[in-house]
S.K.: 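So that we are looking at the same thing, I have put the structure below in structure tokens.
By convention here, the first residue in the shown sequence is residue 1. Only heavy atoms go into these numbers, but all of them, side chains included; no hydrogens, no water, no symmetry mates.
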Amino acid sequence: MSSNGEHKICHNCSSAPCCPARKKKPEWTVRASDMARNTHNPIRKIVDNMKISPNPAKPMIALSIGDPAVFGNLPPAKEMLQAVMDAATSGQFNGYAPATGYEKTRDAIAANLSRPEAILTAKDVVLASGCSGALDMCISALGNPGDNMLLPRPGFSIYKTLANSLGIDVRFYDLLPDKDWEVDVAHLESLIDDNTVAIVLNNPSNPCGSVYGREHLIEILEVAERNKVPIIADEVYADCVFPPQEFIPLATLTTEVPVLACGGLTKKFLVPGWRFGWICIHDRHNVLQHEVRPALNSLATRILGPNTLIQGAVEAIFNTTPPAFFTNCLNVMHENAIIAFSIFSKISGLKPVMPKGAMYMMVGIDMGCYPEFSDDVQFTEALVSEQSVFCLPAKCFEYPNYFRIVLSVPQDKMATACERIHEFCLKHYNPKAVR
């Protein structure tokens, strides 16, 4: 400012009022944000560094990809495709929708997912870009740097990716393979402290294929209620259960614990590429009313809602997709689970855990029986090189010395892959060798 009180124009600031002269940078230094630098996907990090060279004499069979659309044997129901075409040709869904989603769409989701013990209305539903987007919003709404969240081990890697990117610490509670991957409830509760902002619960489970019963879910809810910690329930595999199992929505078992239930069309309807998910807010006592609900609504404005054509089709998808579609999909996965479990159970040094749902099986490796391999990563690398079968090492899920297979492949490929794994294990089984 000059002596007469008028602002001078500063050469450094162009048209801005005068400021202290700024030293010019000698070179370009454009930095990434802390959030970007802290974003790491463990699966990509491990898989990208694996030495994967398939045997050219054998066609590759990938049991590693959790995408039910990749093999083409489980196409969407024709009614689902018609619903999307009708939405597209109606001309009603070409513009922006409200950030949280069209009210009609949220009404349809609320009606489809409401249970007598857990009633939902449109205001309890926030739409997202896939279930992963829903999880991102929930984790972002609840956690700050220095807070902690409790995650399952083994568990879906994106929970850690999302939390760590925001500076949220993660603590892993153990799942018990000898109890069909139930939560070690005592261990879960031991991890809670004053900075714990949420428990993430995945049921049915990726990667385990576990399905929790009523009594076990109540045990988990009792921990949350005692410690006043809300639950983010990843229920994207809702209803993806094998007979005689039953899927029980977590929120139907509590009137006290706030539950943010995340779901989507991805797995039950087998269309992950449609990127359509949702958050259902179950909050009987309005614990989330003043901060968390507004936070979720604010976060929704960052993407302005998911694809509007799918929003326009959702009600018809729910109402017209025939039950036979779901039955057929579950039969394919259940039959593949039976095939794999039957073969793997007879292989010395392997210990499969029979899944109850979802689309995965975890298989334990007794590394002492395969001494030439140091861990599950080396084991699965060699399996690709020799047999052209790619299983995902469970190190990707914070659980070494297991591997995960997907169950959505065509049945002939599953049988062939399992026989190749059997052949591989026969060749390398050597429990008496000194490591």
Side-chain angles (χ1 to χ4, degrees), residues 39-74 132 153-158 160-161 206-209 272-273 333 336-337 339-340 343-344 347 349-353 355 358-430 433 435:
T39 299
H40 306 284
N41 186 317
I43 293 180
R44 289 268 54 87
K45 184 177 180 181
I46 292 169
V47 172
D48 289 349
N49 288 320
M50 290 178 69
K51 302 177 181 67
I52 299 175
S53 301
N55 182 342
K58 297 185 177 185
M60 182 71 166
I61 302 176
L63 300 183
S64 56
I65 306 170
D67 181 349
V70 73
F71 285 98
N73 60 316
L74 296 171
S132 295
R153 179 174 56 203
F156 186 33
S157 62
I158 201 168
K160 179 181 178 181
T161 297
N206 174 15
C208 301
M333 295 181 207
N336 278 336
I339 290 169
I343 294 173
F344 293 158
I347 300 175
L350 295 189
K351 187 176 182 181
V353 181
M359 55 180 66
Y360 311 100
M361 175 186 288
M362 287 280 276
V363 183
I365 314 166
D366 183 347
M367 299 309 302
C369 295
Y370 302 97
E372 64 191 284
F373 308 120
S374 63
D375 59 16
D376 54 309
V377 175
Q378 282 195 1
F379 183 96
T380 50
E381 283 177 336
L383 181 58
V384 174
S385 298
E386 296 181 22
Q387 297 291 342
S388 295
V389 176
F390 187 18
C391 304
L392 201 61
K395 185 177 180 182
C396 295
F397 308 108
E398 306 285 340
Y399 211 78
N401 301 334
Y402 275 73
F403 62 83
R404 187 198 74 176
I405 65 169
V406 299
L407 303 173
S408 54
V409 302
Q411 192 172 107
D412 60 330
K413 290 184 181 293
M414 176 59 75
T416 300
C418 290
E419 290 301 339
R420 289 187 194 174
I421 292 170
H422 191 186
E423 182 181 329
F424 174 84
C425 290
L426 285 175
K427 176 183 175 182
H428 294 282
Y429 181 73
N430 191 7
R435 303 190 73 175

S.K.: May I ask you to check whether Y402 and Y399 place their ring centers less than 6.0 Å from one another?
M.R.: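 Close enough - the centres of the two rings lie under 6.0 Å apart.
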S.K.: Short question: side chain of N55, backbone of E386 - any donor-acceptor pair under 3.5 Å?
M.R.: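 Side chain of N55 to backbone of E386, a donor-acceptor pair under 3.5 Å: yes, one is there.
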S.K.: V406 versus I65: any side-chain heavy-atom pair under 4.5 Å?
M.R.: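 SC-SC contact between V406 and I65 ruled out.
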S.K.: Can you name the nearest heavy-atom pair linking Y370 to C425, along with the distance?
M.R.: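 Taking every non-hydrogen atom into account, OH-CB, 3.3 Å.
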S.K.: What are the two closest heavy atoms between M50 and E381, and how far apart are they?
M.R.: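 The pair with the smallest heavy-atom distance is CA-OE2, 3.2 Å.
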S.K.: Are the side chains of F403 and L350 in touch, meaning some heavy atoms are under 4.5 Å apart?
M.R.: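 With C-beta onward as the side chain, the pair touches.
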S.K.: Can you see which heavy atom on L74 is nearest to which on S408, and at what distance?
M.R.: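 Shortest heavy-atom separation between L74 and S408 comes out as CD1-O, 3.7 Å.
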S.K.: Restricting to non-hydrogen atoms, name the atom on P393 and the atom on D376 that form the minimum distance, rounded to 0.1 Å.
M.R.: CB-OD2, 3.2 Å
S.K.: Would you check, one step at a time, whether the test side chain to side chain contact (heavy atoms under 4.5 Å, CB included) holds for T39 with T161?
M.R.: CA-CA 6 Å; T39 299; T161 297; 3.9 Å; yes
S.K.: Are any non-hydrogen side-chain atoms of T416 and I61 less than 4.5 angstrom apart?
M.R.: yes
S.K.: Would you mind telling me which of K427, K58, H422, M60 makes a side-chain contact (heavy atoms from CB on, under 4.5 Å) with Q387?
M.R.: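 Output: one option passes, namely K58.
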S.K.: With sequence neighbours excluded, tell me which residues meet salt bridge (charged side-chain N to carboxylate O under 4.0 Å, His left out) with E419.
M.R.: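 So E419 forms no salt bridge (charged side-chain N to carboxylate O under 4.0 Å, His left out) with any residue.
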S.K.: Report yes if some heavy atom in the side chain of T380 is under 4.5 Å from a heavy atom in the side chain of L392; otherwise report no.
M.R.: no
S.K.: Would you check if R404 and N206 make a side-chain contact, meaning some heavy-atom pair closer than 4.5 Å?
M.R.: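 Answer yes - side chains close enough.
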S.K.: Could you tell me whether the side chain of V47 reaches within less than 4.5 Å of the side chain of S64, counting heavy atoms only?
M.R.: no
S.K.: Students often mix this up, so state it plainly: with edges at 30° and 60°, are the rings of F379 and F424 parallel, tilted or perpendicular?
M.R.: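 Geometry flag for F424 against F379: perpendicular rings.
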S.K.: Could you check whether atom NZ of K45 has more than 12 heavy atoms from other residues, nucleotides or ligands sitting under 6.0 Å from it?
M.R.: no
S.K.: Whether the side chain of S388 engages the backbone of P54 through a donor-acceptor N/O pair (distance < 3.5 Å, no angle test) should be reported.
M.R.: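 Not confirmed, S388 side chain does not pair with P54 backbone.
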S.K.: Counting C-beta onward and ignoring hydrogens, is there a side-chain heavy-atom pair between C396 and I46 closer than 4.5 Å?
M.R.: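 C396 vs I46: side chains touch.
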S.K.: Let me confirm one number: the CE-CD1 distance from M362 to I405, rounded to the nearest 0.5 Å.
M.R.: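 Separation between the atoms: 11.0 Å.
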S.K.: Using the rule given for side chain to side chain contact (heavy atoms under 4.5 Å, CB included), can you reason through K351 versus D366, listing the C-alpha separation, both sets of side-chain angles and the distance that settles it, and then say yes or no?
M.R.: CA-CA 8 Å; K351 187 176 182 181; D366 183 347; over 6 Å; no
S.K.: How close do R153 and F397 get, heavy atom to heavy atom, and via which atoms?
M.R.: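 Closest approach of R153 to F397: CG-O, 4.3 Å.
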S.K.: Answer whether the closest heavy-atom distance between the side chains of E372 and N430 falls below 4.5 Å.
M.R.: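 No, every pair of side-chain atoms sits at 4.5 Å or beyond.
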S.K.: Can you name the closest pair of heavy atoms from S374 and M367 and give their distance?
M.R.: C-CE, 4.2 Å
S.K.: Applying side-chain contact (heavy atoms from CB on, under 4.5 Å) between C391 and each of V384, L383, V363, report the one that passes.
M.R.: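 For C391, the side-chain contact (heavy atoms from CB on, under 4.5 Å) check succeeds only for L383.
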